[in-house]
Amino acid sequence: MVFKKRMLLGVISALVVGGGLLGCADQAGDQAVGQQAESEHPSWPALTSGIAKDPAIESRIDALLAQMSVEEKVGQMIQVEIRTATPEEVREYHIGSILNGGGSFPDNNKHASVADWVALADRYYHASMDTSDGGVAIPMIWGTDAVHGHNNVIGATLFPHNIALGATHNPELMRKIGEVTAAEVSATGIDWVFAPTLAVTRDDRWGRSYESYSEDPEVVRDYAGELVEGLQGTPGSGDLLRGKYVVSTAKHFLADGGTENGIDRGDAMLSEQELMDIHAQGYFSAIESGVQTVMASFSSWNGKKMHGHKYLMTDVLKQQLGFDGFIIGDWAGHQFVNGCSNVSCPQSINAGLDMFMAPDPSWKELFANTVAQAKSGEISAERLNDAVRRILRVKLRAGLFDAGAPSERAYAGDESLIGAPEHRAIARQAVRESLVLLKNNDGLLPLARNQKVLVTGDGADNIGKQSGGWSVTWQGTGNQNADFPGATSVYGGIAEAVESAGGSVQLSTDGSFATKPDVAIVVFGEDPYAEMQGDVSNLRYQGEQDLALMQRLRAQGIPVVGLFITGRPLWVNPQLNASDAFAVIWQPGTEGAGVADVIFRDAQGNVQYDFTGKLTFSWPDDATPVVRNRGENEAQALFQYGYGLSYSDSVQMAALSEESGLQQAEGRESLAIFNGRALDPWHFQVVDAANHQSVISSSVTKLNGISVKSVDRNVQEDSRRLQWTGEGDATVGFFANSRTDLSRYAANGGALVFDVKIDRAPSDAVNIGINCGMDCGAEQAITEVLSGMTAGEWKTVAVDLQCLATDGVKMDMVLSPFYVRTAGALDMTVHNIHVAADAKADIHCG
Ligand code: BGC
Ligand code: BGC
């Protein structure tokens, strides 16, 4: 029997983020989406991988497959995480791959040495090669997120994030960055990196915007192949995929950057033509350069999860585009496919996923269920063998069968590669070329070195902040400068430039100074974030303190240079107005000295390096979340795609409007969620006890463990009767693909108010909840209130919003304002659901 377990928050989040507004009114509806796409599909190019099939490798695979048991095959298809699987377990389950997630290190030690990494790699390798229980020896492959250098390793060279690299418009540099990254990864005995990210970000509110080279496919396509060859080596060369080269991953397939409203893991609602013309372009050059793995995206296309998308994974990627490597899942992303759980998802494998990324401790159940499904034929022998063949093909191409233990490989353990001076020099060059000058009134820049310089702002001497997310830790937070040995802060670079030429530098984060400076450099901007935690609801940069600091310096007659650390274009008109010169320095990484290289003249007073960076993202003229891209709403860009001044331009910028364009919702009028129908932007949705996600439009719907029915209270169908059978957790509520700001309601004593009638009292806990995205939400028990009601009688219940506005809940970014969840039996009818201001609550908190 196949056991299914649920991951609660994940399930609800999945409903919110791309549960399928267009698709899946039910299973049939789900299929309808796929069919519609297929009947209209444009002609995808027929590509050839840069790495040709080798008949010798294929026959070696035939021989291996012939000897492998179903268990061994399934083991190859499961990737486990170093925190949740020991080498001993890798041996026992014939596991084919391991990863370390963001901020995951040997022995949980952030300061693990190169020797520690290699020793751990050796232990997993030996476990995978141990055939003492019988079976075939197949070396494991270790994957890591080296997304801007080998970013989980202390002392590594960290490059500027991709958004900055886009601005360099230098494909050749991408190849070098790939090579440096691969060399540092090889030093730790690791074989495979989850990079490059080929997202084409269309809505800059997305928390992963900085992982994207551009909003326009052109740069992404030009870079993808270079990066892949830099990481893997050039097809045809002797060192391909070995020596100082590693296996690379094109991610996240497909349209991770195209989700509605920039919601991480959301739904890309696009035509197939747009999918191909915008989001797939990077994959074309990556495949032609021989990329060996592709990571499936968490997101959906028109309501259907990519992890279950047979048409795109199998028909398009593998067949049409000729991709013959393997598809890896993303962080238990299979669990969000309709009908799946984190421990069971034959649907994903059948759709074309070849390897599950299974980072949580339940991977053994996933293993057992997948073995059972392969034995019962639910996963065909043909599909099983194809998946394993692809994995073995990549391992054989990478020479892993013959390379010996990681510690025996040529570069493993070579500490001198980590943060090597030649590597840092390339990163510093990337910093220089990525800086974009937006304002330079009166030619303030370039600065002379021999003057009194004040360096201020909280980004001035903060290597964690200047490195952004995916820097030692997953979110890039919680680091000190000491966690980046060998790195240079922006201040460090300035101090070195100025002091070496007889000038003087004062550093103060608050702008205070002992001696009045000739010029002040204010380094400020976004704090680090990664993935969904970086999603925002509008484009306002919220640094009130930085602005006051700039204005104060300006008022004292000190010229101000604003240096903006950011992972995306944000509305900074007030800061632009408060600066004489203003440059976007993005998230430059460990080589902050690249900034001083450009903003200062050399010691002789000549321009040493000019600004050459040009925007690959349109810059907004106000904070409203209008989608601004090359060729789309260009009139609403303050600076269009391609903008960037150099020292030969003499452009005087006049004062800009400081109207953000945002209107604060007052939160004083009641906000209806349901009044007989779900109000815009919400849809009435259910996740049933078998994790089928459905948008409910019909008047009666029966699902696993729950049925929902439109019923009459005052007028026809003005209420919904929700009947849970007690067969497992099921959730019903109102969900959207866009965000609603409830923060003012929370501040104004607001409450979530609904009328309810009970026909069968709850047999287990009942919670109502709100959700603001993946891992973002809160629930409040209403069991007692419901249990105390008289059967058949209506009651109005008001829950204080404070109960739901708990830590970590972004009340200004709500995706679901109301859902009900229980695993027990319950028969309840709801009517008139709304958010009220100043309501008298029955359930109080805080
Ligand atoms: C991991 C990351 C991962 C994230 C996904 C974190 O705990 O360390 O690598 O991307 O979870 O939610
Ligand atoms: C991210 C991927 C990453 C993986 C492993 C996921 O949450 O989406 O980009 O490769 O975690 O850390």
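Remember, it's 1-based here, ligands and their atoms both numbered in the order they're listed.
Here W470 has side-chain heavy atoms under 4.0 Å from ligand 1, and that is the only part of it that gets that close. With a heavy-atom cut-off of 4.0 Å, M357 does not touch ligand 1 at all. When heavy-atom distances to ligand 2 are checked against a 4.0 Å cut-off, Q79 has no atom that comes that close, whether in backbone or side chain. Counting heavy atoms under 4.0 Å from ligand 2, residue F298 touches it through the side chain alone.
Judged by distance alone, the side chains of E81 and S104 do bring a donor and an acceptor atom under 3.5 Å apart. A donor-acceptor contact under 3.5 angstrom links the side chains of T249 and W192, judged on distance only. Defined by atom type and a distance below 3.5 Å, a donor-acceptor pair is present between the side-chain atoms of H423 and E184. Checking H111 against D116 by side-chain atom types alone, no donor-acceptor pair falls below 3.5 Å. A donor-acceptor pair shorter than 3.5 Å can be found between the side chains of Q76 and K395. For the residue pair N162/S212, the side-chain donor-acceptor check at 3.5 Å is not satisfied. For the residue pair W474/E531, the side-chain donor-acceptor check at 3.5 Å is satisfied.
Heavy-atom proximity to K251, at under 4.0 Å, picks out these atoms of ligand 2: 2 (C), 3 (C), 9 (O), 10 (O). For ligand 2, the atoms sitting less than 4.0 Å from at least one non-hydrogen atom of D330 are 1 (C), 2 (C), 3 (C), 4 (C), 6 (C), 7 (O), 8 (O), 11 (O), numbered in the order shown with element in parentheses. Close approach of ligand 2 to H252 is summarised as follows: ligand atoms under 4.0 Å from at least one heavy atom of the residue are 2 (C), 8 (O), 9 (O). Heavy-atom contacts of R208 reach the following atoms of ligand 2: 1 (C), 2 (C), 8 (O), 9 (O) (cutoff under 4.0 Å). Each of the following atoms of ligand 2 lies closer than 4.0 Å to a heavy atom of R265: 7 (O). Interface atoms of ligand 1 facing G102, defined by a heavy-atom separation under 4.0 Å, are 1 (C), 2 (C), 8 (O), 9 (O).
Closest to atom 12 (O) of ligand 2, if we only count protein heavy atoms, is D145 OD2, 2.5 Å.
At a threshold of 4.0 Å, the pair D256-R208 does not count as salt-bridged, since none of the basic side-chain nitrogens sits closer than that to a carboxylate oxygen. Look at D354 and R393 and you find no salt bridge, because none of the NZ, NE, NH1 or NH2 atoms lies under 4.0 Å from a carboxylate O.
Considering backbone and side-chain N/O of M532, none are found under 3.5 Å from N/O of ligand 1. Residue-to-ligand polar distances keep W331 apart from ligand 2: every N/O pair is separated by 3.5 Å or more. The shortest N/O to N/O separation between E531 and ligand 1 falls below 3.5 Å. Not one N or O of D775 is nearer than 3.5 Å to an N or O of ligand 1, by distance alone.
Judged by the shortest distance from any of its heavy atoms, E81 lies outside the 4.0 Å radius around the atoms of ligand 2. At least one heavy atom of M295 sits closer than 4.0 Å to an atom of ligand 2.
Annotation: H148 is not in aromatic contact with W470 [ring centroid separation under 6.0 Å not met].
Contact detail for F326 and I391: the closest heavy-atom pair is CD2-CA, 3.7 Å.
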